[in-house]
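Working notes, structure below.
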Amino acid sequence: MGIREDIRTVFEKDPAARSRLEVLCCYPGLHAIWMHRIAHSLWNKHFFFLARLISHISRALTGIEIHPGAKLGKRVFIDHGSGVVIGETAEVGDDVLIYMGVVLGGTALERKKRHPTVENDVVLGSGAIVLGPITLGRGAKVGAGSVVIRSVPPEATVVGVPARIAGPQPASSGQLDHDRLPDPALTVISQMLDRLSRLEDRLQAHEESSPISAPMSTPISVITSQKNVLKGNKQIYSLLKDVIDPAVGVDIVNLGFVKEVIVDGANVDVNLVLTTSACPMIEYFKTQVKRKVLSINGVENVTVNILDEPWKWDSVSRQAFQR
């Protein structure tokens, strides 16, 4: 746990590092860890007041509060560090990356193990709060702003409040792709909407194939197929209003996602412009749009194109949304 090893760790985990002198003089995360080692040594020798005093001075100088009783492993790096709080019974393993605002807090008033255990190679995103005597498994990743109140299995990524498992961790070690974190709640909602759409299709198909279930007062000649017949683009737009963006609960037409619908005989092209090209719901939108348009008689092929254009919520969409 030498100074040279700590400096190498900074260069490995922070691309902003330019020189050894800069790292030595301008990285409060390093200063806090070095002062914690002194305080922790005094704490283990039962010089409790002196250990707390050094911890207090470290907090004043660096903005990072590490209780002298906390255990930190090798090559722990606190990036920026402002607002980081690590409680007395917390245990942090080797090669852990901690961003600013992280709290490893306790949930009990008794003098017992009440703070988290963070195993090796864990990444804690900015503002993440981990509470209680739980364990973050080796290689786990905690998304920025998440509140973790349950143990996290190894190699898992958790996000949200309270944090939920969002998926397995990518292969890149020691990194957290803050711009690519999945949303487990959004995924569940989209799956529910997809399931609902499928059930509606099955119910419609059942009604079409069961004319006997119609009221006896209705002549059989009046009963016709409920499958729509293509009458123009307006009908397609009307059907696409059933495709809901689960992130905001508004249909893709009123959100202005549908730029244009092109009908060429039995072929239909639907051009969508999304808020971002990295939208996690792209496949969901494609599937739902195809299902809705294919429900129209005479339509055989549906192509959904995601245009690489900036999304604009035009005045027509705003008015439709406000009604």
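Reckoned from all heavy atoms, side chains included, excluding hydrogens, waters and symmetry mates.
For the 3.5 Å distance criterion, the side chains of Asp79 and Tyr27 fail to qualify, holding no donor opposite an acceptor. Asn267 and Asp264 form no side-chain donor-acceptor contact under 3.5 Å, judged by distance and modelled atom types alone. A donor atom on one side chain and an acceptor atom on the other are found under 3.5 Å apart for Asn305 and Asn271.
Atoms CD and OH, from Gln235 and Tyr237 in turn, are 13.5 Å apart once rounded to the nearest 0.5 Å. Expressed to the nearest 0.5 Å, how far CD1 of Ile7 lies from CD1 of Ile3 amounts to 7.0 Å. The CG atom of Leu136 sits 12.0 Å away from atom CD of Glu91, with the distance rounded to the nearest 0.5 Å. Atoms OG1 and NZ, on Thr9 and Lys74 in that order, are 11.5 Å from each other to the nearest 0.5 Å. One distance of note links CD1 of Ile78 with CD1 of Ile98; it measures 5.0 Å at 0.5 Å rounding. Separating the CG atom in Leu274 from the NZ atom in Lys259 is a distance of 12.5 Å, to the nearest 0.5 Å.
Using a 4.5 Å cut-off between side-chain heavy atoms of Ile, Leu, Val, Met, Phe, Trp and Tyr, with links allowed through other members, Val243 and Leu294 fall into the same hydrophobic cluster. Following chains of ILVMFWY side-chain contacts shorter than 4.5 Å, one can reach Tyr284 starting from Leu239, so the two form part of one hydrophobic cluster. A continuous path of hydrophobic side-chain contacts links Val273 to Ile306 [ILVMFWY only; heavy atoms under 4.5 Å]. Val118 and Val147 fall into different hydrophobic clusters, where Ile, Leu, Val, Met, Phe, Trp and Tyr side chains are chained together by heavy-atom contacts under 4.5 Å. Residues Val96 and Val103 do not share a hydrophobic cluster, clusters being chains of Ile/Leu/Val/Met/Phe/Trp/Tyr side chains in contact below 4.5 Å.
Of all heavy-atom pairs between Lys113 and Thr89, the closest is NZ-O, 2.6 Å. Across all non-hydrogen atoms, the minimal contact from Lys13 to Phe77 is CB-CD2, 3.7 Å. Pairing each heavy atom of Val122 with each of Gly137, the nearest pair is CG2-O, 3.3 Å. Annotation for Gly87 and Ala70: closest pair O-CB, 3.2 Å, computed over non-hydrogen atoms. Minimum heavy-atom separation, Ala17 to Val23: CB-CG2, 4.0 Å. Taking both residues in full, the closest heavy atoms of Trp43 and Pro68 are given as CE3-CG, 3.6 Å, listed atom of the first, atom of the second, then distance.
In this structure, Ile134 and Arg150 have side chains that are not in contact, with every pair of non-hydrogen atoms separated by 4.5 Å or more. For the pair Leu72/His36, a side-chain contact is recorded, criterion being any heavy-atom separation below 4.5 Å from C-beta on. Residues Val142 and Val123 are not in side-chain contact: their nearest non-hydrogen atoms beyond the backbone lie 4.5 Å or more apart. Looking only at side-chain heavy atoms (C-beta outward), Val10 and Leu30 come within less than 4.5 Å of each other. By the 4.5 Å heavy-atom criterion applied to side chains, Ser238 and Lys234 are not counted as neighbours. You'll find the side chain of Thr303 stays beyond 4.5 Å of the side chain of Val268, heavy atoms only. With a 4.5 Å cut-off on side-chain heavy atoms, His67 and His115 do not count as touching. Between Val158 and Val148, some side-chain heavy-atom pair lies under the 4.5 Å cut-off.
Looking at Arg164, its side chain never comes within 3.5 Å of a backbone N or O of Val161 through a donor-acceptor pair. No donor-acceptor distance shorter than 3.5 angstrom exists from the side chain of Ser41 to the backbone of Arg37, with no hydrogens or angles considered. Checking side-chain atoms of Ser82 against main-chain N and O of Met100 turns up no donor-acceptor pair under 3.5 Å. A donor-acceptor pair is defined here as one N or O able to donate and one able to accept, closer than 3.5 Å; such a pair exists between the side chain of Ser146 and the backbone of Gly160. Side-chain N or O atoms of Ser55 include one that pairs as donor or acceptor with a backbone N or O of Ile66 at under 3.5 Å. With hydrogens and angles ignored, the 3.5 Å screen pairs a side-chain donor or acceptor of Glu22 with a backbone N or O of Arg18.
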* To do: Please step through side-chain contact (heavy atoms from CB on, under 4.5 Å) for the pair Ile296 and Ile236, ending with a clear verdict.
  => CA-CA 9 Å; Ile296 302 174; Ile236 296 178; 3.9 Å; yes
* To do: Assess whether side-chain contact (heavy atoms from CB on, under 4.5 Å) is satisfied between Leu104 and Leu124, documenting all intermediate values.
  => CA-CA 10 Å; Leu104 303 182; Leu124 301 171; 4.0 Å; yes
* Full working for salt bridge (charged side-chain N to carboxylate O under 4.0 Å, His left out) between Arg291 and Asp242 -> CA-CA 11 Å; Arg291 181 174 295 127; Asp242 291 336; over 6 Å; no
* To do: Go through Phe257 and Asp245 one step at a time and tell me if the side-chain contact (heavy atoms from CB on, under 4.5 Å) criterion holds.
  => CA-CA 10 Å; Phe257 287 176; Asp245 182 352; 3.6 Å; yes
* To do: Assess whether side-chain contact (heavy atoms from CB on, under 4.5 Å) is satisfied between Ile129 and Leu131, documenting all intermediate values.
  => CA-CA 6 Å; Ile129 300 175; Leu131 301 175; 3.6 Å; yes
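By the 6.0 Å contact criterion, CZ on Arg59 is open, its count of non-hydrogen atoms from other residues, nucleotides or ligands being 12 or less. Open room surrounds CG on Leu109; 12 or fewer heavy atoms of other groups in view lie less than 6.0 Å from it. Atom NE2 of His31 has more than 12 heavy atoms from other residues, nucleotides or ligands within 6.0 Å.
Arg75 and Glu5 are joined by a salt bridge, as a carboxylate oxygen and a charged side-chain nitrogen come within less than 4.0 angstrom of each other. Salt bridge absent: Asp121 and Lys141 never bring a charged side-chain N and a carboxylate O closer than 4.0 Å. Using a 4.0 Å cut-off between charged side-chain N and carboxylate O, Arg138 and Glu119 make no salt bridge.
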